[in-house]
Every structure is written in structure tokens, then in C-alpha cells.
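Read the structure below first, then the notes.
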Amino acid sequence: MESSKKSLVIMKFGGSCLQNKESYLQITNIVKEYMKSTRVLIVVSAIKGMTNKLINFYEKSCSEEQDCDLIIEDIYNGHFQLINKLFDVDSSEYGGVLELLQKNIEDLKHLGSLIKLIRPSADIYDLFVSYGERLSTFILSNYLSSKGYKSEPMLSDKIIRTDDNFGRALPLLEETEDLVKEKLIPILMSDKNLIVCVSGYFGSTKDNKISTLGRGGSDLSAAIIAYALHSAYLCKIIYWKDVKGFLDADPRVAEKTSLIKRISYKEAKELAFFGTKVLHPLCLDINEKGEIPSEVRFFYEPESEDFTMITKEIVQDDNVIKAITSMEKLSMVTIEGDTMIPLSGTASKLFSLLGENNINIVFISQSSSENNITFGIEYEDSMKVSFLLRNSNYFGEEWFKIKIDHEISLVAVIGAGILYTPGIAGKVFTSLGDNQINIKAIAQGSSELNFTAIIDRENCRKAVNVLYNAFINRK
Ligand code: ASP
Ligand code: MG
């Protein structure tokens with residue numbers, strides 16, 4: 001059946017691809033090229049900087065500050081100026097786009113005054129911040145129409161169903177598939193030349209409240225839509241970005257870096273987890289689940305061979321390790337108990353306490369003497385963790401010793417090669433050791449696609465470069 005499916009490329013354009021006249025021209029160039037051989041569906045972010053402005057507007061509106069009008073004016077002007085650059089005043093689209101802008105700005109002002117009367121809440125926040133994508137989607141779709149394409153905007157609350165964890169909602173894939181079947185596929189089927197522009201970043205809960213997918217969530221919207229369409233179409237996603245793709249180390253830390261041209265979902269997920277913010281980590285889970293190939297491409301060089309292709313297959317080449325990553329600002333907590341205290345019960349108490357208080361645990365490491373637990377958290381959380389532990393009925397007791405080291409970093413080598421190549425850990429130890437970098441703890445993810453060393457923060461940069469030279473830049 002696979003071969004009878006039509007191909008569909010889902011393109012996600014980020015905010016930096018939507019800033020000025022040149023970028024919209026670039027979008028039409030890209031779309032034109034791809035439409036020669038495939039159908040295209042577009043997922044649209046808010047115009048660069050707008051989501052931040054909307055968040056600011058929400059916060060100021062809640063706190064009854066006076067400068068809300070200035071912010072809303074700024075949001076209006078940003079869109080108004082862009083519209084005037086993109087559309088001919090005499091074009092049939094101009095009036096409609098301007099009208100929609102004015103209506104949306106009125107709605108926002110209304111929400112702004114409403115929030116002063118009621119209690120701020122997460123669902124209202126989501127409603128506020130969704131306006132960036134509501135506007136940008138309508139603008140792009142009309143722009144494409146004005147350039148002679150057939151295009152229709154679609155608001156994503158109609159087709160993406162999420163849970164009600166507002167601000168960071170998770171998609172409900174089955175429900176979304178049903179909605180997509182009912183509301184999107186018939187439109188796609190009706191005309192193969194039609195470009196549907198879907199708003200990124202948000203969906204709706206089962207009570208029809210707007211829910212956002214977290215910052216950078218438009219990537220995730222593209223993945224969700226591709227997943228919901230993959231039984232009807234042969235889907236591929238292209239994330240158009242202002243970077244070429246995944247790099248094998250963070251250029252702010254490493255002296256040398258290069259582009260990773262092919263990577264598996266699993267490896268890319270590890271990279272995303274360790275702070276490489278190329279894609280929303282959950283995208284990769286969804287792409288993997290639907291086996292949807294995806295590409296990260298540089299918006300300004302659409303034809304370049306330098307891009308990252310993410311596929312199911314793990315490429316086994318000479319480079320066992322695909323990338324070196326680091327998380328610089330971490331803290332490490334060690335809880336030492338009396339030998340009489342059963343550690344399993346203690347661990348479950350500990351992790352529930354941290355979980356209930358939204359503390360993200362970055363790694364867990366176990367020493368051979370079984371009376372302590374060591375784990376890593378983000379540096380910003382260390383005060384909170386210290387407070388929680390010392391004030392808890394259980395851990396506050398005197399037979400626990402709690403030690404927090406605020407000055408640590410994590411470096412990790414990443415690659416599916418770790419699964420089938422012996423000696424990776426040994427090589428990490430010797431390369432760091434030969435360079436006088438002391439390893440304070442080690443950890444390995446259950447995926448076995450990373451091997452992690454915990455070191456003093458002052459050595460972080462050096463460690464990344466040492467590992468880069470040992471595993472990737474082997475000369
Ligand atoms: N506009 C949203 C944000 O800035 C979503 C996105 O751009 O992906 O986070
Ligand atoms: Mg964005």
C-alpha cells in the first residue's frame with residue numbers, strides 16, 4: 001500500500017523565516033520548488049519576537065501595570081508594518097488581512113482588561129500567547145494567495161487535541177488523528193495544489209480550551225500533524241531553521257564543530273535532551289513513532305547539501321560517537337543515610353518529593369557503597385531542592401547527610417555506537433584523566449546511547465574539547 005500513497009512534505013517555518021519581505025519571498029521560492037514533485041503543507045510559527053511580546057503583555061496585564069497599551073501597540077505595529085511590506089494596498093488580500101489584524105488586536109485588548117478582573121490562570125495565558133500564530137498563519141496564507149498559490153489558513157485548535165497541562169500540553173495522538181481525518185484530510189483531498197497553512201504552537205483540550213505545547217512548540221505541531229497524516233500520505237517533515245542542522249558539539253564551548261549529516265531519531269533525541277535546542281525533543285519521539293523521516297535545513301540555503309537528515313536507521317560508520325555535549329550549570333546532590341536505612345524506599349520517597357515539586361532530575365548516579373544516592377539537577381533548582389530536603393519530615397532527620405555541590409558540569413559522548421563498541425567508558429576515563437580532569441561521578445542513560453561524566457565546572461570547556469579530539473576529530 002505504501003507506494004500508492006501520495007507524498008506530502010510538511011514544512012515548518014520558524015519565526016526567523018517570517019520577519020521581512022525577503023523571507024516571505026524565500027518561502028515562495030522554496031514552496032515553488034517543492035511543489036514540482038510533491039504536495040506541501042505548512043506549519044507556521046509566530047513572527048520572530050511576538051511570543052515574547054505576548055507573554056509580556058499577559059504578565060503586565062495581570063499585574064495591573066500601566067504600560068500594557070504600549071505593548072499592544074508594539075504588537076500591532078510589528079504586524080501592520082509587515083503587512084504593508086508584503087501586500088499591495090490594492091490587492092484583494094490587503095483589506096482582509098488588515099481587518100483580521102485589527103479584530104485580533106481588539107480581542108487581545110479585551111482579554112487584557114478581562115484578566116484584571118479575574119484571577120490569572122494557565123489556560124488564559126495559553127489563549128493570550130496563541131495570538132502570535134493566529135496572526136502569522138493568516139498573513140502567510142494570504143501572502144501565498146497574493147502570489148498566485150491556492151492557500152488556506154487553518155487554526156490548529158481544530159485538529160490538535162492535547163491534555164490540559166496548559167503551557168506545556170502534551171498531544172493526544174489518537175484523538176488528533178481522528179480530528180485530522182475529519183477536518184484536514186478532506187480539504188487536502190479536494191485539491192492537490194492547495195497549500196494549507198496550519199498554525200503552530202497550540203492545540204485545544206477536550207473542553208475546547210486553547211493549550212500551548214511549550215516554547216518552540218511549533219516544531220512539535222509539525223511532528224504531530226505529520227503523525228496524524230502518515231496513514232494517508234507518505235509524509236516527510238522539513239524544519240526550516242536559521243541553522244544548518246545538528247552540530248556535533250556546541251560551538252559556544254567547542255573549538256571545532258561540524259554538521260551531522262545523518263542521525264537516527266534515537267541519537268537526535270539524546271542531543272535534544274542534553275540541551276542542543278535544534279528541535280523540540282518530543283518531535284523526535286513522535287517522528288520515531290510514526291517513522292517519519294525529517295530534515296533540518298538552513299532557510300537561506302534551501303538547495304544546500306549541508307543539512308541534517310533524521311531517520312529511523314542508525315548509521316554505523318567510523319564515528320562511533322556522533323556528538324559531544326555538555327550541560328554547564330548543574331548541581332549535584334548527595335544524600336547519605338545510615339546503613340540501616342533501606343535505600344529503595346528512600347529513593348522512591350526522594351524522587352516523588354522532587355517530582356511533586358517539578359524538579360527536573362538530569363542524572364542519577366549510584367556509588368558502590370550502597371548508602372548514598374547522588375543525582376544532578378539544574379543549578380537554578382539547587383536552593384529549592386536544599387529547602388525541600390531539609391524541611392521534609394523524612395530527609396530532614398539527622399541521620400541523613402545532605403551535600404550539595406553547586407559547581408559541577410556534565411559532559412556526555414553520544415552515539416548509537418556505544419551499544420556495539422567496547423571500551424567507550426575506558427576511553428572517556430583515560431582522555432579526561434590524561435588531561436588532569438577529575439571525574440566525580442558517571443552516569444549512563446537507560447537508552448545506552450550516551451555515556452556521561454560529571455566534572456568540576458571549571459573543567460567543562462576543556463573536557464568537551466578533549467573528548468571531541470579523542471572521539472570525533474581523530475587525526
Ligand atoms: N511561537 C512559539 C515560541 O516562540 C512557538 C514556536 O516558535 O515554535 O515559542
Ligand atoms: Mg520560534
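Residue numbers count from 1 along this sequence. For ligands, and for the atoms within them, numbers begin at 1 and follow the listed sequence.
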- Query: Is G216 in contact with ligand 1, taking contact as a heavy-atom separation below 4.0 Å?
  - Reply: yes
- Task: State the atoms of ligand 1, each with its element, that fall below the 4.0 Å cut-off from a heavy-atom position in T51.
- Result: 1 (N), 2 (C), 3 (C), 4 (O)
- Message: With a 4.0 Å cut-off on N to O distance, would you call D191 and K150 a salt bridge?
- Response: yes
- Query: Is it true that E133 lies under 4.0 Å from ligand 1, counting heavy atoms only?
  - Reply: yes
- Message: Whether E288 and K266 form a salt bridge (side-chain N of Lys/Arg under 4.0 Å from carboxylate O of Asp/Glu) is what I want to check.
- Response: yes
- Can you find a non-hydrogen atom of G15 under 4.0 Å from ligand 1? no
- Message: Heavy atoms only: which of G132, S218, G214 lies closest to atom 8 (O) of ligand 1?
- Response: S218
- Message: Closer than 3.5 angstrom, by distance alone: can the side chain of Q81 be matched with the main-chain N or O of G78 as a donor-acceptor pair?
- Response: no
- Task: For R215, counting its heavy atoms only, list the atoms of ligand 1 lying under 4.0 Å from any of them.
- Result: 3 (C), 4 (O), 9 (O)
- Message: Which of the numbered atoms in ligand 1 are under 4.0 angstrom from any heavy atom belonging to S45?
- Response: 6 (C), 7 (O), 8 (O)
- Answer yes or no: is there an ion pair linking K103 with D107, defined by an N-O contact shorter than 4.0 Å? yes
- Results of side-chain contact (heavy atoms from CB on, under 4.5 Å) for N104 - residues two or more places apart only: L100, Y131, R134, L135
- State whether K53 and D74 are salt-bridged, where the test is any N-O pair (Lys NZ or Arg NE/NH1/NH2 against Asp/Glu carboxylate O) under 4.0 Å. yes
